[in-house]
Amino acid sequence: MKTTSARLILACALSFALSLPATAQTKISVAAAADLHGVLDRIIETYNSEHPGVQIDVVYGSSGNLTTQIEQGAPFDVFFSADSDFPERLVRNGKAVGKPLQYAEGHIVLWSASMDLKGVTVQQLTQPRFTRIAIANPAHAPYGKRSEQALRAAGVWDAVQPKIVMGENIAQTAQFIRSGNAQIGFVAESFARSPEAKGSYVVVPTSMYQPLKQSFVLTQHGANAALAKDFMAYVQGSKARAVFVQYGFYVPEIAAPVH
């Protein structure tokens, strides 16, 4: 009798458990270009206020390095790149699904934490007063690649080589400038306009470099993650777009919804 009762209790418990709705996904992992450090943190904070209990973990780095990590199996659900080339590469390689969507267009600026840059141009970086110039590594950081393009367009790339201090990504480049290890450097406008930024900056003419069309994509790992798709849709909404604009990004027309 005891065995029969135990079996009945177990059967009832299993039946009750199976009748419960599946637990909703509450956590995703995001890989994001380093220029998004301030803006994406704010967007996630707003998203969390409207979706209590949700956890969005972000790893920031250079777009090229993050792409390599995803190709090697890193379990990111969404990838925010500083340009469109890397998400498109992931789609071609079967590591991302759907079409990359542009969420913003970034700009590079010359920024100094200690000098007044009013009237300073890229061409003037050969002057003796600029002894150390920080840029992100052009090999895998889109902002670094655009910085090199601007220096070449100004005709000073070769001349400033001895002065260049190269950061692993745009965040480290900004830290070089902030700490004084470089007097001036090329960073994303989002860094120069962040609340904690000090010093001054001048916008580098967009005619001197290829457009920084920043795109995001759903990775293969996140292909079935409803939370990832919902967050991507949120990033294209009016509240998130307003944050991008505040940090100096140009925001394109709203892209097609994520399905």
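Numbers here simply count residues along the sequence, with the first being 1. Reckoned from all heavy atoms, side chains included, excluding hydrogens, waters and symmetry mates.
Counting heavy-atom neighbours within 6.0 Å of Asn93 CG, excluding the residue itself, gives a total above 12. Atom CD of Gln55 is surrounded by more than 12 heavy atoms from other residues, nucleotides or ligands within 6.0 Å.
Distance check: Thr126 OG1 to Leu151 CG gives 10.5 Å after rounding to the nearest 0.5 Å. Atom OG1 of Thr206 is separated from atom CD1 of Ile108 by 9.5 Å, given to the nearest 0.5 angstrom. To the nearest 0.5 angstrom, Gln220 atom CD is 13.0 Å from Glu71 atom CD. The CG atom of Asp77 lies 10.0 Å from the CD1 atom of Ile70; values are rounded to the nearest 0.5 Å. Asn181 contributes atom CG, which lies 8.0 Å from atom CD of Gln175 (distance to the nearest 0.5 angstrom). To the nearest 0.5 angstrom, Glu189 atom CD is 11.5 Å from Leu212 atom CG.
Checked against the 6.0 Å centroid criterion, the rings of Phe216 and Phe79 do not qualify as a close aromatic pair.
Of the N and O atoms on the side chains of Gln102 and Gln214, not one donor lies less than 3.5 Å from an acceptor on the other residue. Inspection of the Thr131 and Gln183 side chains reveals an N or O donor paired with an N or O acceptor under 3.5 Å.
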**Prompt:** Can you check side chain to side chain donor-acceptor pair (under 3.5 Å) on Arg42 and Gln246, steps first, answer last?
**Reply:** CA-CA 11 Å; Arg42 283 196 57 191; Gln246 182 181 352; 2.8 Å; yes

**Request:** Apply the test side chain to side chain donor-acceptor pair (under 3.5 Å) to residues Asn65 and Ser62: give CA-CA distance (whole Å), side-chain angles for both, the deciding distance (0.1 Å), then the verdict.
**Result:** CA-CA 5 Å; Asn65 284 342; Ser62 69; 3.1 Å; yes

**Arg152/Gln149 under side chain to side chain donor-acceptor pair (under 3.5 Å): CA gap, chis, key distance, verdict** = CA-CA 5 Å; Arg152 289 187 181 278; Gln149 290 174 353; over 6 Å; no

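No single ILVMFWY cluster, assembled from side-chain heavy atoms under 4.5 Å apart, contains both Phe191 and Phe176. Tracing side-chain contacts under 4.5 Å through hydrophobic residues (I, L, V, M, F, W, Y), one reaches Val202 starting from Val109; they form part of the same cluster.
Ion pair Asp57/Lys27 flagged as a salt bridge, since at least one NZ, NE, NH1 or NH2 atom sits closer than 4.0 Å to an Asp/Glu carboxylate oxygen. Using a 4.0 Å cut-off between charged nitrogen and carboxylate oxygen, Lys99 and Glu88 do not count as a salt-bridge pair.
Annotation: side chain of Lys229 is in contact with side chain of Leu218 (closest heavy-atom distance under 4.5 Å). Residues Ile56 and Val30 meet the side-chain proximity criterion, which asks for heavy atoms closer than 4.5 Å. Considering only heavy atoms from C-beta on, Val58 comes within 4.5 Å of Tyr60 through its side chain. Counting heavy atoms from C-beta on, the side chains of Lys239 and Tyr47 never come closer than 4.5 Å. In this structure, the side chains of Lys95 and Phe76 stay at 4.5 Å or more apart for every pair of heavy atoms. For the pair Ser112 and Leu117, the minimum side-chain heavy-atom distance is below 4.5 Å. Considering only heavy atoms from C-beta on, Pro142 comes within 4.5 Å of Phe86 through its side chain. Contact check for Val251 versus Tyr103: no side-chain heavy atoms found under the 4.5 Å cut-off.
Of the candidates Asn137, Asn169, Asp83, Asp35, Asp35 is the only one forming a side-chain hydrogen bond (donor to acceptor under 3.5 Å, both in side chains) with Tyr143.
Nearest heavy-atom pair across Phe186 and Ala150 is CE2-CB, 4.3 Å. Of all heavy-atom pairs spanning Thr173 and Gly167, the tightest one is OG1-CA, 3.6 Å.
One N or O on the side chain of Ser63 and one on the backbone of Ala82 form a donor-acceptor pair closer than 3.5 Å.
The aromatic rings of Phe249 and Phe244 stand perpendicular to each other, their planes meeting at an angle above 60°, with 30° marking the opposite boundary.
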